[in-house]
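Before any comments, here is the structure.
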Amino acid sequence: MDRKTIRAILADETLDESAKVSRLLQMHHDEVADIKSGLKTDEDVKAAVAEALKNAPKAVKVEETEEYKKLLQELDDYKYRTELTAQLKGAKVKDKFLADVIAKIKRDEKLDEQLPKLREEFGEYFDEGAPQPQPPAPKPVFSGDPQPTPPGAQPKPIPKLF
């Protein structure tokens, strides 16, 4: 049923209005019946779904794949290296030698046991003469901050503004 057919039926002067309407409705009914005949029944759909499920790939557990395990190992190595870098910086290892020192450290042994041996063997990797961290500078005093008065001193009077 297309526009051309519909216009031809409506333009046909030999048919009265009720005949035109019934002819259009009959054409519509025939097209719907054709469409429905092409549809599959519920049993056909269920059989097709069952067949598709048989041939479908099995669900993969991501945690069991080699790619996931490799990525997890890389993440663990990265965390270990960052923590180790922070500890080595605290032990005064020079920045340019960090990668070399990390390569020499055995992961299964404690760092505290390995550092003295590394200091003896590779003394130039460590910054022994590094200045000790300075104590924090005193906080600046702003004019609005109240300052304590020494014992026995008279507090300063507050000036009158008006």
Side-chain angles (χ1 to χ4, degrees), residues 1-4 6 28-162:
M1 193 161 108
D2 58 1
R3 290 180 184 207
K4 187 177 179 183
I6 294 172
H28 175 70
H29 175 69
D30 292 344
E31 278 209 17
V32 169
D34 288 345
I35 291 172
K36 283 186 176 180
S37 68
L39 294 177
K40 298 182 182 218
T41 61
D42 286 341
E43 293 82 29
D44 294 337
V45 171
K46 288 178 183 176
V49 168
E51 182 68 28
L53 288 176
K54 263 196 277 184
N55 298 332
K58 301 296 180 206
V60 176
K61 292 185 179 178
V62 176
E63 294 83 14
E64 295 174 1
T65 62
E66 290 301 317
E67 294 172 2
Y68 179 80
K69 291 176 183 176
K70 181 181 175 187
L71 188 62
L72 200 58
Q73 182 62 41
E74 289 175 10
L75 176 65
D76 187 45
D77 290 345
Y78 174 75
K79 286 180 181 178
Y80 173 73
R81 288 180 63 89
T82 38
E83 290 173 5
L84 187 60
T85 301
Q87 290 174 350
L88 290 175
K89 283 185 178 182
K92 299 181 183 176
V93 174
K94 295 179 183 177
D95 287 340
K96 63 182 179 180
F97 296 116
L98 273 174
D100 295 336
V101 173
I102 289 173
K104 294 180 186 327
I105 294 202
K106 297 174 186 156
R107 194 170 185 167
D108 55 341
E109 294 181 23
K110 289 185 178 181
L111 181 64
D112 295 338
E113 296 171 1
Q114 296 179 54
L115 274 178
K117 296 174 191 172
L118 288 172
R119 280 185 196 275
E120 290 175 14
E121 192 172 340
F122 305 102
E124 68 273 5
Y125 288 6
F126 294 87
D127 193 10
E128 298 301 330
Q132 296 298 325
Q134 299 293 326
K139 290 181 12 180
V141 178
F142 298 102
S143 62
D145 290 344
Q147 296 194 9
T149 54
Q154 294 292 329
K156 293 182 183 176
I158 300 175
K160 292 185 180 181
L161 299 174
F162 300 101

#### Entry: Test side chain to side chain contact (heavy atoms under 4.5 Å, CB included) applied to Phe122 and Asp100, step by step
CA-CA 10 Å; Phe122 305 102; Asp100 295 336; over 6 Å; no
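- With a 6.0 Å radius and a threshold of 12 heavy atoms from other residues, nucleotides or ligands, Lys69 has its NZ atom above the threshold.
- Summarising the local packing, CZ of Arg107 is surrounded by more than 12 heavy atoms from other residues, nucleotides or ligands at distances under 6.0 Å.
- The distance from the CG atom of Leu75 to the NZ atom of Lys70 is 14.0 Å, given to the nearest 0.5 Å.
- When side chains are defined from C-beta on, Lys89 does not count as touching Val93, because their heavy atoms never get closer than 4.5 Å.
- Taking NZ of Lys104 as the start and CD1 of Ile102 as the end, the distance is 12.0 Å to the nearest 0.5 Å.
- Under the side chain to side chain contact (heavy atoms under 4.5 Å, CB included) criterion, Glu109 pairs with Lys106, Gln114, sequence neighbours left out.
- Atoms CZ and CG, from Arg119 and Leu115 in turn, are 6.0 Å apart once rounded to the nearest 0.5 Å.
- Remark: Asp127 CG to Asp95 CG distance equals 9.5 Å, nearest 0.5 Å.
- Note that CG of Leu71 is 11.5 Å distant from CG of Asp76, once rounded to the nearest 0.5 Å.
- Side chains of Ile105 and Leu118 form a contact here, defined as non-hydrogen atoms less than 4.5 Å apart.
- Electrostatic pairing of Glu51 and Lys54 counts as a salt bridge here, judged by a charged N lying under 4.0 Å from a carboxylate O.
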### Task
Please report the C-alpha distance between Leu88 and Leu111 in whole Å, then the side-chain angles of each, then the deciding distance to 0.1 Å, and finally whether the side chain to side chain contact (heavy atoms under 4.5 Å, CB included) criterion is met.
CA-CA 9 Å; Leu88 290 175; Leu111 181 64; 4.1 Å; yes
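- Residue pairs meeting the ring-ring contact (aromatic ring centres under 6.0 Å, His included) criterion with at least one partner in residues 92-121, sequence neighbours excluded, are Phe97-Tyr125.
- In this structure, the separation between OH on Tyr68 and CD on Gln73 is 12.5 Å, given to the nearest 0.5 Å.
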